[in-house]
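A, B, ... follow the sequence lines: proteins, then strands. Residue 1 opens every chain. Keep in mind that the numbers below use all heavy atoms, side chains included, and drop hydrogens, waters and symmetry copies.
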Number of protein chains: 2
Amino acid sequence: MTPAALERSQSWLGQADLRPTRQRLALASLLVGDGQNRHVTAEGLHDAVLGTGDRVSLATVYNTLRAFCEAGLMQEVTVDGSRSYFDTRVDDHPHFYMEEDGSLMDAPSAEFHIQALPDVPDGYEIAKVDVVIRLRKIA
Amino acid sequence: MTPAALERSQSWLGQADLRPTRQRLALASLLVGDGQNRHVTAEGLHDAVLGTGDRVSLATVYNTLRAFCEAGLMQEVTVDGSRSYFDTRVDDHPHFYMEEDGSLMDAPSAEFHIQALPDVPDGYEIAKVDVVIRLRKIA
DNA sequence: CTATGTGCAAATCTTTTGCAGGCTA
DNA sequence: TAGCCTGCAAAAGATTTGCACATAG
């Protein structure tokens, strides 16, 4: 982990008053160490952290991702019934989902626009609008 | 099951060359017996069929819903990581999801419009655009 | 009769939880 | 030191599967 990545990870955790433990720093540096947005699954992040030589249990990866979401550092994105994805970008934005390999990425939202939303039933308000654009490889 | 519901169920299965077994007819009549669209979970449909007095195993409900999807009679909708929803309406349309009780319904799509979609990465084409409008009860 | 369906129980897969021990502030 | 974290293994929940029996065409 570079010094810059360490510092980013520490301040990211600090924002949410989460203690900078070894495991959290290891995960945070993979998530925000380079300042880029990431979309990960628990399994994928676990593999990635093992790849760096750090040892973090899968249960801790799950618990930590959940803690990051509760702290508002990440958000969960539902695209595939069988797995949860976690996104380091926390505003409401559309996603591309590659059906081919199950990867998820941000769709350029500048070019995306919803012209009109349907009327919401009485007594309800919109919590969030999820847009997932499923992509298929052209044969 | 009314004669009309039976006939609708039979022709629905017939469209897809699925044999009209007792279990499939029982499920189909709950899904399309009255000509309305339905959004169900496997568990919910299983409870419903038991409520009518018919006996269908939960495994068969799962297998049958999957068969209906493969046959193009229904589509799976992903809104909640922990459960699958199945929709009898098979075109691409937006949904309302009530976070409060986990129910799913069609959003009036006439009033819904996407003005511009982001550019799709080279080599890919859009398979489907999923829009889920999450609703929260106003306090 | 033969290929399809069905039911049950067991297997799978992802995610959560209980609890004993470890570590940060 | 006190409370928060972590790891492990076990639990939990949703869905799938193997296999023997049943049934539609």
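Atom pair A:Y62:OH and D:dA12:C1' shows a separation of 13 Å (rounding to whole Å applied). A:L45 places its CG atom 15 Å from the C1' atom of C:dT15, with the value rounded to the nearest Å. For the pair B:H46 NE2 and D:dT15 P, the interatomic distance rounds to 13 Å; values are reported in whole Å. The distance between atom CG of A:L65 and atom P of C:dT17, rounded to the nearest whole Å, is 15 Å. Taking atom CG of B:D54 as the reference point, atom P of C:dT6 lies 13 Å away to the nearest angstrom.
Shown for residues 67-89 of chain A: no residue has heavy atoms falling under 4.0 angstrom of DNA chain D.
The list of salt bridge (Lys or Arg N to Asp or Glu O under 4.0 Å) pairs with a residue in residues 51-64 of chain A, not counting sequence neighbours, is empty. Pairs engaging residues 126-139 of chain B under the salt bridge (Lys or Arg N to Asp or Glu O under 4.0 Å) rule: A:E125-B:R136, A:D130-B:R134, A:R134-B:D130, B:E100-B:K137, B:K128-B:D130 [sequence neighbours left out]. Every pair tested for salt bridge (Lys or Arg N to Asp or Glu O under 4.0 Å) that includes a residue from residues 9-28 of chain A fails, sequence neighbours excluded, so the list is empty. Sorted by first and then second residue, the side-chain hydrogen bond (donor to acceptor under 3.5 Å, both in side chains) pairs involving residues 5-14 of chain A (not counting sequence neighbours) form an empty list.
Each end of the helix from C:dC1-D:dG25 to C:dA25-D:dT1 gets its own rotation axis from five pairs of C1' atoms, and the angle between them is 30° to the nearest 10 degrees.
Within 6.0 Å of the CG atom in A:D101, the count of heavy atoms belonging to other residues, nucleotides or ligands exceeds 12.
Looking at A:T60, its side chain never comes within 3.5 Å of a backbone N or O of A:V56 through a donor-acceptor pair.
Looking at residues two or more places apart in sequence or on another chain, you find a salt bridge (Lys or Arg N to Asp or Glu O under 4.0 Å) between A:R89 and A:D91, A:D106. Every residue meeting the side-chain contact (heavy atoms from CB on, under 4.5 Å) condition with A:S82, not counting sequence neighbours, appears here in chain and number order: A:D80. With sequence neighbours excluded, the residues forming a side-chain hydrogen bond (donor to acceptor under 3.5 Å, both in side chains) with B:R38 are B:D34, listed by chain and number.
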> Can you give one letter per nucleotide of nucleotides 4-11 of chain D, 5' to 3': B if a protein heavy atom sits under 4.0 Å from the base, S if only from the sugar-phosphate, - if neither?
Replying inline: BSSBBB--
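B:I138 belongs to no hydrophobic cluster, as no Ile, Leu, Val, Met, Phe, Trp or Tyr side chain comes under 4.5 Å of its own.
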Donor-acceptor contacts under 3.5 Å from residues 70-78 of chain A side chains, at least two apart:
unit_1, atom_1, unit_2, atom_2, d
A:E76, OE1, A:R66, NH1, 3.0
A:E76, OE2, A:S84, OG, 2.9

